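Here the structure is a predicted model, which means the values were calculated and not measured.
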Amino acid sequence: MTIDLKNIIETLIFISLEPLPKEKIRTLLTDFPKEEILAALDELVQDYAHKNRGIQIVQVAGGYMFSTKIEYDPWIRLLLRVDRKNRLSISAMETLSAVAYHQPVTLAEISAFRGVDSSHSLKTLLQKRLVKIIGRKKSPGKPLIYRTSNRFLSYFGLESLKDLPSQEEISKILEENQEVE
Amino acid sequence: MTIDLKNIIETLIFISLEPLPKEKIRTLLTDFPKEEILAALDELVQDYAHKNRGIQIVQVAGGYMFSTKIEYDPWIRLLLRVDRKNRLSISAMETLSAVAYHQPVTLAEISAFRGVDSSHSLKTLLQKRLVKIIGRKKSPGKPLIYRTSNRFLSYFGLESLKDLPSQEEISKILEENQEVE
Amino acid sequence: MAFSAQIDKTLEMDTSESYQVKLEAFQGPLDLLLFLIRKKKIDIHDIPISSITKDYLKYLDQKEKINLEHEAEFLLIAALLIYIKSQMLLPRETVPEDDMEDPRKVLIDRLLDFQKIKAAGSLLREKENKELKKWQRTFLPPSDKEKEEELELTEISLFDLAEAFFTLMKKKERDSMRTIKGKEVTHEEKMKEMLDYLDKHSFLDFIEYFNRQETFAEAFLSFFCLLELIKARIVVAIQESLFNTIKVWLRKESPS
């Protein structure tokens, strides 16, 4: 059997428990030219995407990782004997969206955006590691500053913060809401 | 996309925490006839075996599981080595937290606080330059005294050590969440 | 007014929750305000402030019976509305239009921001629903030939760091409580512990070992045990110079 660049990359992504960044793959494979690596990577992702397969390679949080496809969720839960994974509460989701769109942000700012005290939701998000403390604001009281984490990105299947729903998508939702009422 | 028996099996083997026995697969997929399951399983193993791939499905300890191929071991080791270098283990983080909140501090004091010998973690932190030696204590044995470095501050976005989260701030987060759960 | 009746019903729902307002429909004053605007089927940019304010203040009236302390934001919104209302009621001076900032703008901006967050939240929810059905492995494949490493973290934040510390501190507090309460280390146990340690490690740094003892009693006991072990010629203790640590070694020829 031959040593194949595509196979090496497949193995690396398979073995990595975190999304494996493109740059890291390149630094690990210094013997191969950059173009070849990128081409093999693309080909690999396409292989999994196009063929009728149960598992796939997804691009999240700035890296590549293996994941199952959504349609097989019922069988996985059967195997692992678990219920549907818990969703975030409404207030946690809103708090998270306030952090995502206004980061870096303080608790007071989040509460102002949402119009309610958000300390409880923020705690939940910290515990779930979807949000992290990155330091303190240089203002009176030196409040802690929060940002979304890498786990946030993979939780929502986002490659980077640029992939957050855009202003256009949000405006569309707002218009739809108005039409409904 | 269609739900395919072979894909279901592939997903189950992928996500299973231990080698997945044939019988287990059959008990999970009672909707499918036994012959079909065995045929799909064979086909799946053949797929991986015959095509030039980086990963394979192997039969061990009475079950099926995904495995990497031996020829790619050098790259796996490379990845694991790089990962280790860039990560802080839980014990290193505990040690770092002990230094951060108790500084200036000696190894014996850190070990006493954590209840385990912390020399290895401390060495890691020194190598990562998150901790520095500032001198020796004027006590029997003249142990070295450690402090967090400037790099520690910039890593965590802190202006000064006064900005570390206080016990009140953290216990608020920890305790109220415990009530919820 | 039919509309008021409907609002009142909603208010009853809220008051029964003693206004923590964790209902699906309402999370707080901005939510309520949006609700009021929507029920009147009006554009957010064209809020008929006086009637909305009336409804809102009525709502606040009811709320006062309950719990105002926690929701400082309520007062802020109320103050904002009252301010806007007063501006609208006051006879206008003849100031050129564009010199006057529309007091409603502040409120509209906040409401728009708020709406956007809610809308973004609903878009994220769709993604969440999809992602929760995908599964990743949380373990290294067993084929990995490297020896098992301790669990590692990739992204540590200040919170993780602080949490690690205060959790350790709590654990230590609990442990020392237990020791004080009764768990007495016996002479034999301590002796065995020291010998086990010496078996595993080539030597024992006694100062460090001494410092690591959780209580004074235990530290004293370990010192006593050391003396006994020396006397029994099981170990040898060496202090290279004054103030240097005491190193304890197992005697090779020690009676077994």
S.K.: Mind checking what makes side-chain hydrogen bond (donor to acceptor under 3.5 Å, both in side chains) contact with A:E43, not counting sequence neighbours?
M.R.: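 A:E43: side-chain hydrogen bond (donor to acceptor under 3.5 Å, both in side chains) contacts with A:K6.
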
S.K.: Tell me, side chain or backbone of A:L29 under 4.5 Å from chain B's heavy atoms, or both, or neither?
M.R.: side chain

S.K.: Please round to the nearest 0.5 Å and tell me the distance separating atom CG of B:L5 and atom CH2 of A:W75.
M.R.: 9.0 Å

S.K.: Does a sphere of radius 6.0 Å around CZ in A:R84 hold more than 12 heavy atoms from other residues, nucleotides or ligands, not counting ones at 6.0 Å or beyond?
M.R.: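 No - once you tally the heavy atoms of other residues, nucleotides and ligands closer than 6.0 Å, there are 12 at most.
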
S.K.: Answer yes or no: does atom NZ of A:K85 have more than 12 heavy-atom neighbours from other residues, nucleotides or ligands under 6.0 Å?
M.R.: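 For A:K85, atom NZ is crowded (more than 12 foreign heavy atoms under 6.0 Å).
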
S.K.: Residues two or more places apart in sequence or in another chain: which of them pass salt bridge (Lys or Arg N to Asp or Glu O under 4.0 Å) with A:R147?
M.R.: none

S.K.: Heavy atoms only, distances under 4.5 angstrom: which of A:I25, A:L28, A:L12 has the most pairs with chain B? Name it, please.
M.R.: A:L28

S.K.: Walk me through whether B:E159 and A:K142 qualify under side-chain contact (heavy atoms from CB on, under 4.5 Å).
M.R.: CA-CA 11 Å; B:E159 224 183 314; A:K142 292 204 167 180; 3.8 Å; yes

S.K.: Pick whichever of A:L78, A:T27, A:I9 has the most heavy-atom pairs under 4.5 Å with chain B.
M.R.: A:L78

S.K.: So, do A:F14 and B:F14 sit near enough that their side-chain heavy atoms are less than 4.5 Å apart?
M.R.: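 Heavy-atom side-chain distance check passes, below 4.5 Å.
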
S.K.: Could you look at A:I134 and say if it's the side chain, the backbone, both or neither that has a heavy atom under 4.5 Å from chain B?
M.R.: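 Contact with chain B: backbone only.
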
S.K.: I want to check something: taking the side chain as every heavy atom from C-beta on, are B:K69 and A:T11 in contact at a cut-off of under 4.5 Å?
M.R.: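 No, too far: nothing below the 4.5 Å cut-off.
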
S.K.: Can you see which heavy atom on B:D4 is nearest to which on A:Y72, and at what distance?
M.R.: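 Where B:D4 meets A:Y72 most closely, the heavy atoms are N-OH, 3.6 Å.
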
S.K.: Once you round to the nearest 0.5 Å, how far does CD1 of B:I15 lie from CD1 of A:I76?
M.R.: 5.0 Å

S.K.: Could you have a look at A:L144, A:L126, A:I55 and say which one has the most heavy-atom pairs with chain B under 4.5 angstrom?
M.R.: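 Option with the top pair count is A:I55.
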
S.K.: I'd like to know whether CZ of A:R77 has more than 12 heavy-atom contacts from other residues, nucleotides or ligands below 6.0 angstrom.
M.R.: yes

S.K.: Counting only heavy atoms closer than 4.5 Å, note whether B:S160 contacts chain A via side chain, backbone, both or neither.
M.R.: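 Looking at B:S160, nothing touches chain A.
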
S.K.: Could you tell me if the side chain of B:L79 sits less than 4.5 Å from the side chain of A:L20, heavy atoms only?
M.R.: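 Counting from C-beta outward, A:L20 and B:L79 do come under 4.5 Å.
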
S.K.: Looking at CG of B:D163 and CD1 of A:I133, how far apart are the two atoms once the value is rounded to the nearest 0.5 Å?
M.R.: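 CD1 of A:I133 is found 12.0 Å from CG of B:D163.
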
S.K.: Sub-3.5 Å donor-acceptor pair from the side chain of A:R136 to the main-chain atoms of B:L164, do we have one?
M.R.: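 It does hold such a pair.
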
